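Here the structure comes first, spelled out in structure tokens, and everything after it is commentary.
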Amino acid sequence: MASAPSFPALRERYHRLLADRFADRAQRPGWSGAQLAAHQRTALRRLLSHAREHSPFYARRLAAIDPDRFEVEDLARIPVLTKPDMMRELDDVFTDRRLNRALVEEALTTAGPEPAAMHGRYLAQVSGGSMFGRGLFVLDLDTAVDSALCVLRANASVGTRIAMVAAGSCVHGTGLVSAMNPPGAGPTTIVSVPATLPLEEIAERVEHLDPHVLGGYPTVLARLARLRSAGRLRVAPQRVQSTGEQLTPVLRRIIREGFGAPIVDVFGCSESFMGVTEPDGAVFTFNSDMVIAELVDDQDRPVRPGVRSSAVLLTSLNNLTQPLIRYRLPDRLRQVPTGRSPLLQATAEGRDVDLFRYGDATVHPFTVSAVLLELAGVVDHQILQTPEGVEVLLVADPDIDLTGLRHVLVTALGSAGLRDADVTLTPVAGLARYRHSAKLSRYVPLDESSPEQGIGDTDGVV
């Protein structure tokens, strides 16, 4: 691995590229459909050619195609790539033959407040979700810059001091963006406030930063909003930026009322698929200039605009180091074109794996969350599916009426289709969040033995 001083040099190059590319990337949402199609065709052919030539995995997978004649419409000829597929053959997926899984693991292990740069130009990330276990991702400098520009081009008019209450570790996306933009490194300062800290300490740090933009996981932002409404948090951000978790209508209302500032919702993942809403909007504009996204059903067949997908197949046009070609992301999107941009515009409606299935009944556990989020006495919660209902782990005030709450939840689940649900309420001191991402596995289906399954790196947090 390259020596530690390589990261400051990499960060300096990162900011030069940000400045050089901003004007070009900022005008892309205004492209015509023809401009976007031409760009995607050229970038896709470059990606396929590079992957087939330099990646043993893709040399096998793409052997039957001619990159020079390939069209975006031909993508269905290429097999779908799942996370287990990628992780089993990760060494062969990389196009730089100096990279391998052992080196990436070392970079993740040795990363401190700053990432460990591999060979002076690569950064390692680990996925924070539990779906199909742990995922390792390598970003080259070009990919890191373009991913950041997806969000920056939508927030150019807002102030430059941002507090991000999310992942504290730089090996997760929200932590990495803070490490890349510390005070003095560039025009925008992003300070990470780990979501794993006690709430009062989070509030103290945020108040000290007095940010123009307050970003973070919506479940934590909602708790901060309640503190501000109670006069226990004195900040006045110009904008609130939600990321990392689904921004539900209840969470949106609590955050909007608490801060009195418009909310921008950001969809982002380690696979460099990024989307940003307009202030107080619910429709994401995705980075179709950087990622081709196919919205598909549970059989990986395309769905029409207006129909909710079961998954998204991603082809990342910019990441030539760890090519992701038709990579299956289990997010449910619904395309809703507004006519303002040729880039993909869609609402995000959670993940299909979040659904709880009971024989003929299918229930989204947000049925339970919607009730709990309205209760000021509930600090946090986690919902575990059981054979006949749910167990709810509650971080709550000691005097909360568990009997009355249980009755309300049984009624809500019955209205959602699960009659006579068995509801268990278990008070706990804290919930397990993933160490790197600081995310909480909010909904745990019955076929997962524990909230930590597949990750094995959690910390408790109240």
Side-chain angles (χ1 to χ4, degrees), residues 7-32 35-36 38-40 42-43 46-47 115 117 121-123 125 139-164 170 173-192 211-215 237-243 262 264-279 281 284-293 316-321 340-345:
F7 175 71
L10 183 149
R11 185 167 56 197
E12 184 179 342
R13 296 198 302 274
Y14 167 91
H15 281 282
R16 286 202 301 267
L17 286 174
L18 278 179
D20 291 345
R21 295 182 183 180
F22 184 83
D24 171 71
R25 301 305 191 266
Q27 54 85 32
R28 288 185 177 183
W31 274 352
S32 67
Q35 285 176 300
L36 177 63
H39 169 79
Q40 286 184 337
T42 299
R46 180 188 66 156
L47 169 69
R121 60 171 301 183
Y122 300 120
L123 298 168
Q125 289 191 278
L139 299 183
D140 56 31
L141 192 59
D142 286 333
T143 307
V145 167
D146 282 343
S147 294
L149 285 169
C150 294
V151 177
L152 291 177
R153 67 187 178 189
N155 287 285
S157 62
V158 189
T160 59
R161 194 166 59 252
I162 301 173
M164 184 61 63
C170 63
T174 51
L176 177 62
V177 74
S178 299
M180 299 300 286
N181 296 275
T188 300
T189 293
I190 303 175
V191 178
S192 175
H212 301 119
V213 178
L214 175 60
Q238 299 171 27
R239 178 176 292 180
V240 177
Q241 184 170 295
S242 168
T243 190
V264 168
D265 200 7
V266 176
F267 181 108
C269 60
S270 302
E271 296 84 355
S272 300
F273 185 45
M274 309 289 291
V276 183
T277 69
E278 294 184 350
F284 294 90
T285 297
F286 288 93
N287 56 336
S288 306
D289 53 323
M290 304 174 194
V291 177
I292 297 174
S316 178
L317 300 173
N318 289 24
N319 191 342
L320 301 182
T321 301
R340 291 192 292 270
S341 173
L343 306 183
L344 172 66
Q345 295 182 306

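Keep in mind it's a predicted model, so treat the numbers as computed, not measured.
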Side chain to side chain contact (heavy atoms under 4.5 Å, CB included) between Leu17 and Asp142: does it pass, once the steps are laid out? CA-CA 8 Å; Leu17 286 174; Asp142 286 333; 4.0 Å; yes

Do [X] and [Y] have side chains that approach each other closer than 4.5 Å (heavy atoms only, starting at C-beta)?
X	Y	result
Met164	Val191	no
Glu271	Ser316	no
Leu36	Leu343	yes
Leu123	Met180	yes
Gln241	Leu214	no
Leu139	Ser272	yes
Asn181	Thr189	no
Leu344	Phe284	no

For the pair [X] (side chain) and [Y] (backbone), establish whether a donor and an acceptor sit closer than 3.5 Å, ignoring hydrogens and angles.
X	Y	value
Arg11	Ala179	yes
Thr285	Gln345	no
His212	Arg161	yes
Asn287	Met274	yes

Which heavy atom of [X] sits nearest to which heavy atom of [Y], and what is that distance?
X	Y	result
Pro29	Pro342	O-CD, 3.5 Å
Leu10	Ala117	CD1-CB, 4.1 Å
Val276	Val264	CG1-CG1, 3.5 Å

At what distance, to the nearest 0.5 angstrom, does [atom1] of [X] lie from [atom2] of [Y]?
X	Y	atom1	atom2	result
Leu141	Tyr122	CG	OH	10.5 Å
Leu317	Leu47	CG	CG	6.5 Å
Ser242	Asp265	OG	CG	4.0 Å
Thr188	His15	OG1	NE2	8.5 Å
Asp289	Asp24	CG	CG	8.5 Å
Gln27	Gln35	CD	CD	7.0 Å

For [X] and [Y], test the side chains for any donor-to-acceptor distance below 3.5 angstrom and give the result as yes or no.
X	Y	value
Asn318	Asp146	yes
Gln125	Ser270	no
Thr321	Asp140	yes

Anything under 30° is parallel, anything over 60° is perpendicular, the rest tilted; go ahead and classify Phe286 against Phe273. parallel

Salt bridge check: are Asp20 and Arg16 linked by an N-O gap of less than 4.0 Å? no

